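Here is the structure we will look at, set down as structure tokens.
Quantities reported herein were computed from a predicted structural model and do not represent experimental measurements. Here is the naming used below: chain letters follow the sequence lines, and residue numbers restart at 1 for every chain.
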There are 2 protein chains.
Amino acid sequence: MQDPLKLDNFICFAVYTASHALNRVYKPLLDALGLTYPQYLAMVSLWEQDGQTVGGLGEKLFLESSTLTPLLKRLETAGYVRRERSKDDERVVVLRLTEEGKHLREKAIGIPGCIVAASGRSAVDLTRLQSEIVALREALNRSVA
Amino acid sequence: MQDPLKLDNFICFAVYTASHALNRVYKPLLDALGLTYPQYLAMVSLWEQDGQTVGGLGEKLFLESSTLTPLLKRLETAGYVRRERSKDDERVVVLRLTEEGKHLREKAIGIPGCIVAASGRSAVDLTRLQSEIVALREALNRSVA
DNA sequence: CGATAAATAATCGTGCGCGATATAAAAACA
DNA sequence: TGTTTTTATATCGCGCACGATTATTTATCG
């Protein structure tokens with residue numbers, strides 16, 4: 001790095017702005033489902049595996065309960081999710097999709113394709129880039145752990 | 001994409017979580033300077049070019065005035081930046097670094113190196129990845145424009 | 001010139017995202 | 001058993017981030 005304090009040389013700035021750019025592409029698609037982007041991620045995770053706990057979902061999404069609890073309450077108000085205390089362990093809150101929540105998946109099925117199209121890349125190329133970014137994330141997470 | 005609705009296959013999720021991971025690495029480094037991460041980006045941009053307008057800075061950082069105005073007020077309160085209306089065009093607000101704000105650059109100079117170290121990659125490799133992510137950002141921005 | 005349109009910040013409301021703390025339940029321990 | 005510690009979630013305060021709107025100034029147009 002020639003000039004260490006130049007914005008355009010920052011990997012962080014690239015990731016930060018790419019994240020915002022992705023959000024802007026998702027916005028109109030998710031508006032149609034009545035979801036925000038983090039809510040969509042929670043729903044995707046629950047479509048993969050219903051009945052997760054708040055903590056389990058947080059581990060998958062790398063989010064704290066202080067972020068998830070209000071978000072999940074909004075999904076509950078929207079009628080997509082039910083939050084119920086586990087009988088076995090009253091500390092745990094189990095998340096269950098409502099019928100409407102399960103149904104929403106059909107409407108969401110086309111979204112990933114729209115993102116691939118907006119990226120202007122092949123799915124194969126995106127997958128390669130994606131795994132590189134995941135590797136970066138893992139290295140960063142290791143360094144703080 | 002075999003399963004289009006699988007979280008681990010989402011480029012967006014990779015970027016989203018990598019962005020959070022970067023933030024977590026930056027946090028302790030920036031705490032020492034009394035800056036948040038977006039404030040740091042604004043300072044980096046002003047260190048590169050003092051006397052930018054709110055709109056100009058927003059264009060560089062891809063942020064709206066509704067985000068920047070409060071952020072810049074906090075930087076002003078912290079004593080790093082002055083906000084003054086332009087004499088030529090009263091609509092425009094010009095941003096100028098205070099002496100303290102200029103000074104802060106010395107304390108920030110070591111941060112990029114810490115990030116490279118935390119990433120566990122070579123600077124060359126990071127630069128390549130960074131330019132790929134920028135290309136993705138540009139493609140996405142084009143698709144919404 | 002005056003009316004209209006465009007440009008620039010600022011304000012407001014909503015939803016993250018996190019650290020610090022609180023609360024309650026379960027587990028561990030003496 | 002009763003006490004302490006740990007675990008799981010929730011609450012609170014702060015700072016983004018954005019869309020929609022507003023206020024003010026400048027530019028444009030007839």
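Between the CG atom of A:Leu57 and the C1' atom of C:dC16 there is a distance of 14 Å, rounded to whole Å. Atom C1' of nucleotide C:dA24 and atom CD of A:Glu90 are separated by 10 Å, given to the nearest angstrom. Distance CG (A:Asn23) to P (D:dC18): 8 Å, rounded to an integer number of Å. Here the C1' atom of nucleotide C:dG15 and the CG atom of A:Leu63 are 13 Å apart, to the nearest Å. In this entry the distance linking CZ of B:Phe62 with C1' of D:dC18 reads 16 Å, nearest Å. Straight-line distance from the CD atom of B:Glu64 to the P atom of D:dT21: 15 Å, rounded to whole Å. Going from atom CG of A:Leu72 over to atom P of D:dA8 covers 16 Å, rounded to whole Å. Remark: P of C:dA9 and CD of B:Glu76 are 14 Å apart, rounded to the nearest angstrom.
Closest approach of A:Leu61 to A:Leu68, counting heavy atoms only: CD1-CD2, 4.4 Å.
Taking the six-membered ring for Trp and the full ring otherwise, B:Tyr37 and A:Tyr16 have centroids separated by under 6.0 Å.
Residue contacts for B:Leu68: at a heavy-atom cut-off of 4.0 Å it reaches no nucleic acid atom on any strand shown. Using a 4.0 Å heavy-atom cutoff across all strands shown, B:Asp31 reaches no nucleic acid atom at all.
Taking 4.0 angstrom as the limit, B:Thr53 places a side-chain polar atom (N or O) nearer than this to OP1 or OP2 of C:dA9. Not one side-chain nitrogen or oxygen of A:Arg85 sits closer than 4.0 Å to the OP1 or OP2 atom of D:dT9. Put simply, A:Arg74 has a side-chain N or O that comes within less than 4.0 Å of OP1 or OP2 on C:dC16. In this structure, B:Arg91 does not reach the D:dA23 phosphate: none of its side-chain N or O atoms is under 4.0 Å from OP1 or OP2. Remark: A:Thr69 is in phosphate contact with D:dA10, judged by side-chain N or O atoms under 4.0 Å from OP1 or OP2. In this model, the phosphate group of C:dC16 is approached by a side-chain N or O of A:Thr36 to a distance below 4.0 Å at OP1 or OP2. Taking side-chain N and O atoms only, B:Lys73 has a distance below 4.0 Å to OP1 or OP2 of C:dT11. Between D:dC16 and A:Tyr16, no contact under 4.0 Å exists linking OP1 or OP2 to a side-chain N or O. In terms of phosphate contacts, B:Gln39 brings a side-chain nitrogen or oxygen within less than 4.0 Å of OP1 or OP2 of D:dC16.
In terms of position on DNA chain D, the residue among A:Pro70 and A:Val92 whose nearest nucleotide sits closer to the 5' end is A:Val92. Heavy-atom distances to DNA chain C give each of A:Asp89 and A:Tyr37 a nearest nucleotide, and the one nearer the 5′ end belongs to A:Tyr37.
Looking at A:Arg82 and A:Glu76, no side-chain N of the basic residue comes within less than 4.0 Å of a carboxylate O on the acidic one, giving no salt bridge. A:Glu138 and A:Arg142 are not joined by a salt bridge, as no carboxylate oxygen comes within less than 4.0 angstrom of a charged side-chain nitrogen.
Taking only distance into account, the side chain of B:Ser65 meets the base of C:dA10 through a donor-acceptor pair shorter than 3.5 Å.
Nearest to the side chain of B:Val93, among C:dC18, C:dA9, C:dC12, sits C:dA9.
The aromatic rings of A:Trp47 and A:Tyr40 lie perpendicular to each other, with more than 60° between the two planes, well past the 30° mark.
In the hydrophobic clustering of this structure, A:Phe62 groups with B:Val25; members are Ile, Leu, Val, Met, Phe, Trp, Tyr whose side-chain heavy atoms approach within less than 4.5 Å, directly or through other members.
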